[in-house]
Amino acid sequence: MSLFYELIQKYDVITVFRHQNPDPDALGSQWGLVSWLKETFPNKAIYALGKHVGVKPQLFEAYDLVEDSVVSSSLAIILDTANAARIDDQRFSSAKMRLKIDHHPLGEAYAQHQIVDETASSTSEIIAGLIKEFMLDEAISSKAAKYLYMGILTDSLNFSTSNVTHSTLENAAYLAKSHLDLPKINEELYLIDENEFKFVNRLRNLAIVEKGLIYAIVTKALTEECNITPNMAKEHVNDLGLVREYEIWVLFVQQEIPNQHLYNGSIRSRNVTINDIAIKYNGGGHRLAAAVKNLSLSEIQSVIHDLKGRLYDQKIS
Ligand SMILES: [Mn+2]
């Protein structure tokens, strides 16, 4: 019996957590797992936790309000989160038993059990694989499958990142068995509105290019002017990554915290490792896709300096 199945069997109350500022992989793996658990184990109490609103909240359900006593009696499954501090709802630590399921490297062991596959392109892919095995390839509901498929599609940038493997495609193919409307899912995820279109045009114009690196600093004034949130702005980092000459692309977005002027950043790279640099600036992530947090403008300049140094080292080695 697999660890996943064994733990689920054992607990009648299951709480499912994911990271703060959730992206579609965090939300897709959470809602995919929660929906499937509810359908498969109707006698168990299953809850989705975490109050942070992510991008495209309309594509997911509203979180559950859960009493402390429920959390402490539960099996907590924490998804897509490398370190404990980033879990959206710190009550996970009071759970009777904890299981971490993740694909981030260099993670922290905050649960008694973990299923971590650093080679997986998304957490949704890992969940789909676990469900596929449990279901012996029988299709699941289209509702659960759609959530997981959205997570796989977005974290793998439409099956284009270097960690996409035969198993990514097999798990996605398994989900597609549930009669998914694939073009509609793409529209729901990727069509942008006029405000975002206006923002992307501004972004391209304000970006600064230095050798093989392109970066943009997006102020609160700009997101307000374009009528979009900092989280929506952040999603456009890859609009800077389509140019052959730019090997690293970075988007810094000023946060909405009153009386503070700090920026969060998303760093992407085609080949050169960047997550070790991100760790130095309140961040972390995958080898080629990482994030940094709470930076001043002068710290931003030192991130850029470090990244340029990395590109330079690579060229001379
Ligand atoms: Mn992920």
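Starting from 1, each residue takes its place in the sequence as its number. Every number for a ligand or one of its atoms is a count from 1 in the order of the listing.
- Within the sub-2.8 Å shell of the Mn ion (ligand 1), the protein contributes these N/O/S atoms: Asp25 OD2, Asp80 OD1, His103 NE2, Asp155 OD2.
- Counting heavy atoms from C-beta outward, Arg98 and Ile78 have side chains that approach closer than 4.5 Å.
- Taking the ring centre of Tyr149 as origin, the terminal cationic atom of Lys146 falls outside the region bounded by 6.0 Å and 45° from the ring axis.
- A distance-only check finds a donor-acceptor pair linking the side chain of Glu125 to the backbone of Ser121 [under 3.5 Å].
- Within the 6.0 Å centre-distance limit, the rings of His103 and His286 are counted as a close aromatic pair.
- When side chains are defined from C-beta on, Leu191 does not count as touching Asn186, because their heavy atoms never get closer than 4.5 Å.
- Side chain of Asp25 to backbone of Ser124: a donor-acceptor contact under 3.5 angstrom is found.
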